[in-house]
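Let me begin by presenting the structure, written as structure tokens, before commenting on it.
Source: prediction; values computed, not measured. Below, all heavy atoms of this structure are taken into account, side chains as well, without hydrogens, waters or symmetry copies.
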Amino acid sequence: MSTHTPPAPYPHLLRWLSGETPDTAKTVVELAGLAGGPHYQRFLLDLEDERDAFHTALLVAFPHLDLDKPDFSAVAHPLKPVASPTLKTAGPVCLASLALGEARDVFNRAHLWTAPDGVLRYMGGTVHGTSGGRRVRFSADAGGRLYVASATHPLKLWIRKNGQDATVQHIFTVVADPGAGGYTAFSAQGDTAWEGSPGGQLTTPQGLVQVITKSGAFGSIAWGTPYCTAGWVESLMPTLSTRGTIAVPGGTATIGQNVHSAQIVGSAWLTGVPNLDCKPADMPAQWRADVVATLCPLAANHAQLRLVKEFCDILKSATPTPFVAGGTDLAARITYLLTRHPNRRADLESLPRIKEYYKQCF
């Protein structure tokens, strides 16, 4: 699922709430603008459980601040980076809702997230359920399962709004998991079924990788035919890319995964989301294991990948000066291969899109 979020109306406030070192002067200007506009009270309501953390963070610069009637005209001390791990997620989520112009009574599944303690959250509030007339919280265990302690009755999922309960959706199917003391899946009336905890942003590669891993949904990804691209000319690293489609709440997402050999996992990426690859170091161990078991074997006997590896080795040992990863001499690399190894022209031309990207060389 790809969501295009409008530019943040309060970029410095967003950076501060995200935990970055703030520019106090610019952030305070935006705080004053927010407080003087029509959306400030809405922002405080959306913060819900994080309202106190927001107030505490502001007291560093404004020791006597009244959150309901704030005065941001006199800064006593510079703001410090937000330290609360939950506010660092809830604050940006609440600002995103304002940027999207969402009505407060509209439920947006993208604003669901899992706190470090495993509790499911919506914007700044805790997500609760009712079971047999009893209020319970939804949590995610280490494996990413959602569960409600000791719940044995049909559930109703709801959140708090304006101090009152607001029904979001009725859950009519639960699957018991005796080993974990809870449930592994649920379906919701009027919504797309989704297994496990969201646990990440579905619009970023890293978030989607985490979500898929926690939900155990890797096996349901429909992977397409793997292919090589001309990107190896710059990186000098043989890369096989595979796109996969998976159902997510509200539609589908297309995730890409790179592998560099029959054992080496590369980055994951989303179609249409540039420069935000999920690097191997940021991948859950289970995701890497699934890629090694499912996608890396595709590289073992891949003819095009074998050719790419040969060309990379030629470029890295070129004389008199070997080519290195990066740089701007990309066309020179293709020209080198064509002039120094003319017998390999047919192999080079057989690689996907190489003549499209470097048509001036052919």
- Message: Under the criterion side-chain hydrogen bond (donor to acceptor under 3.5 Å, both in side chains), I'd like the reasoning laid out for T213 against Q286: C-alpha separation, chi angles, the key distance, then a yes or no.
- Response: CA-CA 7 Å; T213 303; Q286 186 57 51; over 6 Å; no

- Query: Between F54 and L17, does a side chain to side chain contact (heavy atoms under 4.5 Å, CB included) hold up when you go through it step by step?
  - Reply: CA-CA 9 Å; F54 179 59; L17 288 173; 4.1 Å; yes

- Would you check if the side chain of R344 reaches a backbone N or O of L337 as a donor-acceptor pair within less than 3.5 Å?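 It does not hold such a pair.
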
N/O donor-acceptor pairs under 3.5 Å from side chains in residues 355-362, not counting sequence neighbours:
residue, atom, partner, partner atom, Å
E356, OE1, R353, NE, 3.2
E356, OE2, R353, NH2, 3.1

- Item | Non-hydrogen atoms of A325 and S235 that approach each other most closely |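 Of all heavy-atom pairs spanning A325 and S235, the closest is CB-O, 3.4 Å.
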
- Message: Looking at every heavy atom in both R333 and L315, which two are closest together, and how far apart are they?
- Response: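 Smallest heavy-atom distance, with atoms named: O-CD2, 3.7 Å.
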
Identify every side-chain donor-acceptor pair in residues 224-231 under 3.5 Å, counting partners at least two apart or on other chains, and give the distances.
residue, atom, partner, partner atom, Å
Y227, OH, R243, NH1, 2.9
T229, OG1, G231, N, 3.2

- Query: Given T27 and R15, is the side-chain hydrogen bond (donor to acceptor under 3.5 Å, both in side chains) satisfied, shown in steps?
  - Reply: CA-CA 9 Å; T27 303; R15 294 189 190 102; over 6 Å; no

- Task: Would you please classify the geometry between the F218 ring and the W287 ring as parallel, tilted or perpendicular, with 30° and 60° separating the classes?
- Result: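 Because their plane-to-plane angle is over 60°, the rings of W287 and F218 count as perpendicular.
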
- Residues two or more places apart in sequence or in another chain: which of them pass ring-ring contact (aromatic ring centres under 6.0 Å, His included) with F323?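 Partners of F323 by the ring-ring contact (aromatic ring centres under 6.0 Å, His included) criterion, ordered by chain and then number, come out as Y336.
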
- Look at the side-chain heavy atoms of Ile, Leu, Val, Met, Phe, Trp and Tyr, link any pair under 4.5 Å apart, and say whether F43 and W16 land in one connected group.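 Cluster IDs for F43 and W16 match.
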
For residues 292-307, which side-chain donor-acceptor pairs fall under 3.5 Å, sequence neighbours excluded?
residue, atom, partner, partner atom, Å
T294, OG1, D290, O, 3.0
H302, ND1, Q304, N, 3.4
H302, ND1, L305, N, 3.2

- Message: Applying side-chain hydrogen bond (donor to acceptor under 3.5 Å, both in side chains), can you list everything that pairs with S241, at least two apart in sequence or on another chain?
- Response: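 N258.
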
Can you give each donor-acceptor pair under 3.5 Å made by side-chain atoms of residues 55-75, sequence neighbours left out, with the distance rounded to 0.1 Å?
residue, atom, partner, partner atom, Å
H55, NE2, L65, O, 2.9
T56, OG1, D52, O, 2.9
D66, OD1, D68, N, 3.0
D68, OD1, R51, NH2, 2.7
D68, OD2, R51, NH2, 3.1
D71, OD1, S73, N, 3.0
D71, OD1, S73, OG, 2.6
D71, OD2, S73, OG, 3.3

